[in-house]
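See below for the structure under consideration.
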Number of protein chains: 2
Amino acid sequence: MDKVVTISDVAQAAGVSKATVSYVLSNDKRISKQTAEKVRRTIDDLGYTVNHAARALSTKKSNVLGIVSPTHHGVYLSSFFGLHIYLLSEYAAQSGYDSMFIGSDDGCDAMRKASASHKVDGFILMDVCDNDSRMTTANEIGIPTVVFGSPTSSFGLDTVDSDFRSEAARCMQCMAANNHKEIILYSWSKSIFKKRMGFALRFRDQIIQSAEDLGIVLHIYSPDNDESDPAGELLHALHLYPHATAMIIHNESASIIAPQAFSASGIQIPDDLYVISVFPKQMQWSVLASFAFVQTDIDQLAQKIVSTLVARIQDPDAPITRSLLDFTLQQPVSR
Amino acid sequence: MDKVVTISDVAQAAGVSKATVSYVLSNDKRISKQTAEKVRRTIDDLGYTVNHAARALSTKKSNVLGIVSPTHHGVYLSSFFGLHIYLLSEYAAQSGYDSMFIGSDDGCDAMRKASASHKVDGFILMDVCDNDSRMTTANEIGIPTVVFGSPTSSFGLDTVDSDFRSEAARCMQCMAANNHKEIILYSWSKSIFKKRMGFALRFRDQIIQSAEDLGIVLHIYSPDNDESDPAGELLHALHLYPHATAMIIHNESASIIAPQAFSASGIQIPDDLYVISVFPKQMQWSVLASFAFVQTDIDQLAQKIVSTLVARIQDPDAPITRSLLDFTLQQPVSR
DNA sequence: CTGAAAGCGCTTACAG
DNA sequence: CTGAAAGCGCTTACAG
């Protein structure tokens, strides 16, 4: 439509050089207050906006963070994936970064391309599993990267996740405190374990450990895949282990469906069965009041992920960071 | 790490000019087969990738699509939002575009900035409601834009959505065919209607229309907001209208919870209550087999959205497009 | 069929 | 405190 205004237009209108305008833009203190003020006014008058491509070419920085979706996520995609992306890009914006979603199946290839073409300054790897090839790719490229997940090795990359070990231990202490001697861990599906997702592995391993330490009889139930009916699976688990007095649910779809599934079968929570569930506090509409729960906070995680990546971009040589956010156990609210 | 290779390096190594390399890159037929072949080989050898910023500066095209999240989505965010973004960016990639997520609360401001700084070639507006300010903003900017949603007016913008009117009519014909004289429409929450979201309005209006045409007694139930317990709301609706023999559920969280909620109350589907639900075929883990349902396909929608936007970018003067995808009604599978 | 050159809109040493 | 100028890595008329 109307002609696009460039830095030259501003310079001319303000009666200064392009360099001066550029310095004003970057708040360089060498420019006098009056000049800066004058330039800023003409910028507003003309409605100037910096050309992103030109700046990127000149500075060799794109000011874009690449959000890399998991390779081969298969059919399973958390309902909170969208919220994650939303929040990440929100916090990125607050730090002056745009965010680009990199989602094709050939995750690593897409990463190489995005990096080689200077499209991004850094990567956020979503839902990283053990030995995730995206980590080695990031390493080879040598680009600032933060891993969202808890792989056994992060290959020298910064890491952010919920502290599943600590949360698991806390769940078990709660079980002991409430005098439960035999419990069920309703865990993630076998296909999640097969993918070696850290959140599933780390949580389960700590539960096993704590069960031993506390002398609690533990049964682990893990559905075969994520397509089966979680309500039926939950009841099946109860049927298999009739002496269990409590259950820990660490599984998204099961957490959502569980209150209904139990009430449908006339199981009173917490009288017939004491239940602890782990789910994001953003899971609102699902009614879980009679459960105790570990309330992970996606918002805090997103904020931490972005700040970690931004810090890494600013100082590539800073020591590696491993941030585990430890969310507390909430007791059920009676209603 | 290792020095980044530019078009000059390729030109030198291949013994041609930069211009020639550039022409090879764009498959210009003026370059001889042999030269092109030679250049392509050195490109591979050197591992050259075009610098995105340089190209964008030169061509004034960013090759990026901006996905604009709804302004003030409030607490409600569909569980499929993430899948949507994922699929959109997948199809964008297939068409040679990257996708940038634009999500801040000041949606329109963010749009202006993204456009002014030449960061995007076009916009996809997610979940557009009637009189959505993003539409007028897109118009003022004069940038290729496709509206995902069914607003009353699209302000001259291309539009893609599921065909809610047609689907609603089909649901009602099914009701009539099954001889239901009195039914309940369990609809979206009042806050969704207050936002004037087209999918809720258009569907409801057609249901009302069809009810009149077919002589069916219709009760519309709409929860106050999206935080309330959908299971309780569903039962409340049944309680209010005890003579209804069927229900149409057009509400995401209610669709998910409904099978459990009904079974918990001993309501047999379809014997006690005939139910038609509308939900994406990507909603897998939730068990809905005893419902009839309109199976919208997020994948097809995403594909259509991207192809529409790409076409618009290529030909800004082509006639305006309005694509309504009409998904069929599936009868329940007995199991 | 190929190349020299201008230009895209910025930033940043370097002079003054 | 400010400006002239080079350079970032491409593309694209324009010559030849």
Side-chain angles (χ1 to χ4, degrees), chain A residues 3-40 42-43 46-64 96 98 113-121, chain B residues 3-40 42-43 46-64 96 98 113-121:
Chain A
K3 208 186 155 308
V4 53
V5 12
T6 73
I7 201 174
S8 303
D9 301 329
V10 176
Q12 197 172 349
V16 297
S17 75
K18 285 168 20 181
T20 302
V21 177
S22 181
Y23 286 133
V24 171
L25 249 29
S26 55
N27 290 315
D28 193 305
K29 52 271 302 263
R30 285 177 297 181
I31 304 297
S32 72
K33 273 203 158 172
Q34 313 134 53
T35 317
E37 195 43 51
K38 184 176 55 178
V39 170
R40 259 187 266 275
T42 49
I43 284 179
L46 273 52
Y48 167 77
T49 310
V50 68
N51 181 314
H52 178 252
R55 172 176 285 176
L57 176 58
S58 192
T59 60
K60 297 174 180 311
K61 298 227 145 296
S62 67
N63 265 278
V64 174
D98 286 311
K113 259 179 215 146
S115 162
S117 57
H118 300 265
K119 275 178 189 158
V120 299
D121 293 339
Chain B
K3 210 187 154 308
V4 52
V5 12
T6 74
I7 201 174
S8 304
D9 301 329
V10 176
Q12 196 171 353
V16 297
S17 75
K18 284 169 18 182
T20 302
V21 178
S22 181
Y23 286 132
V24 171
L25 250 28
S26 54
N27 289 314
D28 193 303
K29 51 270 306 261
R30 286 177 296 182
I31 304 297
S32 72
K33 273 204 156 170
Q34 313 134 52
T35 317
E37 196 43 52
K38 182 176 59 178
V39 170
R40 261 188 264 275
T42 49
I43 284 179
L46 273 53
Y48 167 76
T49 310
V50 67
N51 180 314
H52 178 252
R55 172 176 285 176
L57 177 57
S58 192
T59 60
K60 296 174 180 313
K61 298 229 147 292
S62 67
N63 265 277
V64 174
D98 285 312
K113 259 178 216 148
S115 163
S117 56
H118 300 264
K119 275 177 190 158
V120 299
D121 293 338

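Chain letters run A, B, ... following the sequence lines, proteins first and then strands; every chain starts at 1.
- Side chain of Ser32(B), nearest nucleotide from dT2(C), dC10(C), dT2(D): dT2(C).
- Judged purely by atom type and a 3.5 angstrom limit, Asp121(A) uses its side chain to pair as donor or acceptor with the backbone of Asn63(A).
- In this structure, Gln34(A) atom CD and dC1(D) atom C1' are separated by 10 Å, rounded to whole Å.
- Between Leu57(A) and His118(A), every side-chain heavy-atom pair lies at or beyond the 4.5 Å cut-off.
- As a whole-Å value, the separation of Asn27(B) CG from dC1(C) P is 15 Å.
- Counting heavy atoms from C-beta outward, Lys18(B) and Ser8(B) have side chains that approach closer than 4.5 Å.
- No side-chain heavy atom of Val24(B) sits under 4.5 Å from any side-chain heavy atom of Lys38(B).
- Side chains of Val10(B) and Thr6(B) form no contact here, defined as non-hydrogen atoms less than 4.5 Å apart.
- Nucleotide dG9(C) holds its C1' atom 15 Å from the CD atom of Gln12(A), rounded to whole Å.
- Annotation: side chain of Thr42(B) is not in contact with side chain of Val21(B) (no heavy-atom distance under 4.5 Å).
- The closest side-chain heavy-atom distance from Ser117(B) to Asn51(A) is not below 4.5 Å.
- Val4(B) has its side chain out of reach of Tyr48(B): every pair of non-hydrogen atoms, C-beta onward, lies at least 4.5 Å apart.
- Rounded to a whole Å, the CG atom of Asn51(A) is 17 Å from the P atom of dG7(C).
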What would the secondary structure line of DNA chain C be in dot-bracket form, counting Watson-Crick and G-U wobble pairs under 3.5 Å, with [ ] for pairs that cross earlier ones and | for pairs with another strand? |||.||||||||.|||
Return a single string for nucleotides 11-16 of chain D, one symbol per nucleotide in 5' to 3' order, where B is base contact, S is sugar-phosphate-only contact and - is none, cutoff 4.0 angstrom on heavy atoms. BBB---
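- Rounding to whole angstrom units, NZ of residue Lys61(B) and P of dG7(C) are separated by 22 Å.
- Among the heavy atoms of the strands, none lies under 4.0 Å from Ser117(A).
- A close approach under 4.0 Å does not occur between any side-chain nitrogen or oxygen of Thr6(B) and OP1 or OP2 of dC8(D).
- Counting only heavy atoms from C-beta outward, the side chains of Val16(B) and Thr35(B) approach each other to under 4.5 Å.
- One interatomic measurement links the two molecules: NZ of Lys60(B) to C1' of dG9(C), which rounds to 8 Å at whole-angstrom precision.
- Going from atom CG of Leu57(B) over to atom C1' of dC8(C) covers 4 Å, rounded to whole Å.
- Atom CG in Asn63(B) sits about 15 Å away from atom P in dC10(D), given to the nearest Å.
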